[in-house]
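Whatever order the structure lists ligands and atoms in, that order sets their numbers, starting from 1. Everything numeric in this text was worked out from a predicted model, so none of it was measured. No hydrogens, no waters, no symmetry mates; every other heavy atom, side chains included, goes into these values. Along the sequence shown, residues are numbered consecutively beginning with 1.
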Amino acid sequence: MNDMILEIRHLSKSFGTHQVLRDIDFTVRPGDVTSIIGASGSGKSTLLRCINLLETPSSGEIRFHGEDIMSRKGGAAAYRSKVGMVFQSFNLFDNMTVLRNCMIGQEKVLKRGKEESRANAMKYLEKVGMAPYINAKPRQLSGGQKQRVAIARALAMDPEVLLFDEPTSALDPEMVGEVLSVMRDLASEGTTMLVVTHEMAFARDVSNHVVFMCDGVIGEEGAPADVFEHPSNPRMIEFLSRFRNA
Ligand SMILES: Nc1ncnc2c1ncn2[C@@H]1O[C@H](COP(=O)(O)OP(=O)(O)OP(=O)(O)O)[C@@H](O)[C@H]1O
Ligand SMILES: [Mg+2]
């Protein structure tokens, strides 16, 4: 047995003749907070979507507790419930209340009963400060509130890893802080997270591992102190200088 949750090995993805990911290799251990950074179009979302099987990788392996998830039959829904996803655009069900949004996956995928689903949903809605809004519909909420509900919904599935794809990019600036603060709390409690982000302060201060993507490959990776203070890849140096001068 090894202690890795995810092992990404030689992962490649093409759309037609366009190769978007090439030979990606990295691992995720329990409690890791990995930030994936890089320019627009470098393949960050595609990488997360492959890990969540929203896209089928063209080649390579994704091992979950040592088992290659692409060669095992069926069970994509069961696997996905272990690898929760939070999207930039929230993807809440608009016709359901906040509480139902956080119960439905538990009932349908995990076959939990209503009471258990409700209790678990409430636990996480309280955690993200959204318990007062359980009867609201998503359209009645601010972007920051919607994203906090989306995080509670993902947590309610009791995943082993949470994937975030630019969770604060669609938010008005004054709402970014409330979502990052929830994510910081989760990280400090040992939640395993894989976060595509343009928030360099989050990547530097909260994560223990940074992966810099450029043109579909990992250009640089390592501990934030090394990657941010002593980058060696020229593309990473240029990428960081754009943030420093912003
Ligand atoms: N479904 C698709 N079909 C064809 N090409 C795609 C598809 N999804 C992504 N691509 C292409 O793959 C490349 C990487 O896209 P991706 O969305 O992964 O980048 P990204 O790093 O997440 O960018 P951003 O920071 O803008 O979100 C882009 O050239 C994009 O046009
Ligand atoms: Mg993206």
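A salt bridge does not link Lys146 with Asp94: every distance from a Lys NZ or Arg NE/NH1/NH2 to an Asp or Glu carboxylate oxygen is 4.0 Å or more. Salt bridge status for Arg100 with Glu107: present, with a side-chain N to carboxylate O gap under 4.0 Å. A salt bridge between Arg63 and Asp68 is absent, with no side-chain N of the basic residue lying under 4.0 Å from a carboxylate O of the acidic one.
Distances from the Mg ion (ligand 2) show that Ser40 has no N/O/S atom below 2.8 Å.
The line from SG of Cys102 to CZ of Arg118 is 12.0 Å long, rounded to the nearest 0.5 Å.
The shortest N or O to N or O distance between Gly38 and ligand 1 is not under 3.5 Å.
When hydrogens are left out, the protein atom nearest atom 23 (O) of ligand 1 is Gly41 N, 2.8 Å; that is the closest non-hydrogen contact. Looking only at protein heavy atoms, the nearest one to atom 9 (C) of ligand 1 is Phe15 CE1, 3.6 Å. In terms of protein heavy-atom proximity, atom 11 (C) of ligand 1 is nearest to Val20 CG2, 4.0 Å. Taking atom 26 (O) of ligand 1 as the reference point, the nearest protein heavy-atom neighbour is Ser40 OG, 2.6 Å. Scanning all protein heavy atoms for the shortest distance to atom 30 (C) of ligand 1 gives His18 CE1, 4.7 Å. Among protein heavy atoms, atom 25 (O) of ligand 1 sits closest to Lys44 NZ, 2.7 Å.
Contacts of Glu166 with ligand 1, taken as heavy-atom pairs under 4.0 Å, involve the side chain alone. Looking at Thr46 against ligand 1, both its backbone and its side chain come within 4.0 Å, counting heavy atoms.
No side-chain donor from either of His10 and Glu61 sits under 3.5 Å from a side-chain acceptor of the other. Between the side chains of His209 and Asp32, no donor-acceptor pair is found at a separation under 3.5 Å.
The cationic atom of Arg148 (NZ for Lys, CZ for Arg) does not lie both less than 6.0 Å from the six-membered ring centre of Tyr133 and within 45° of the ring axis.
The nearest protein heavy atom to atom 6 (C) of ligand 1 is closer than 4.0 Å.
Listed by atom number, the atoms of ligand 1 under 4.0 Å from Ala39 heavy atoms are 21 (O). Each of the following atoms of ligand 1 lies closer than 4.0 Å to a heavy atom of Ser42: 19 (O), 21 (O). Near Ser45, the atoms of ligand 1 lying under 4.0 angstrom from a non-hydrogen atom of the residue are 17 (O), 18 (O), 20 (P), 22 (O), 27 (O).
The residue from Phe239, Phe228, Phe26 that alone fulfils the ring-ring contact (aromatic ring centres under 6.0 Å, His included) condition with Phe212 is Phe239.
Considering every non-hydrogen atom in both Thr168 and Val179, the closest pair reads CG2-CG1, 3.8 Å.
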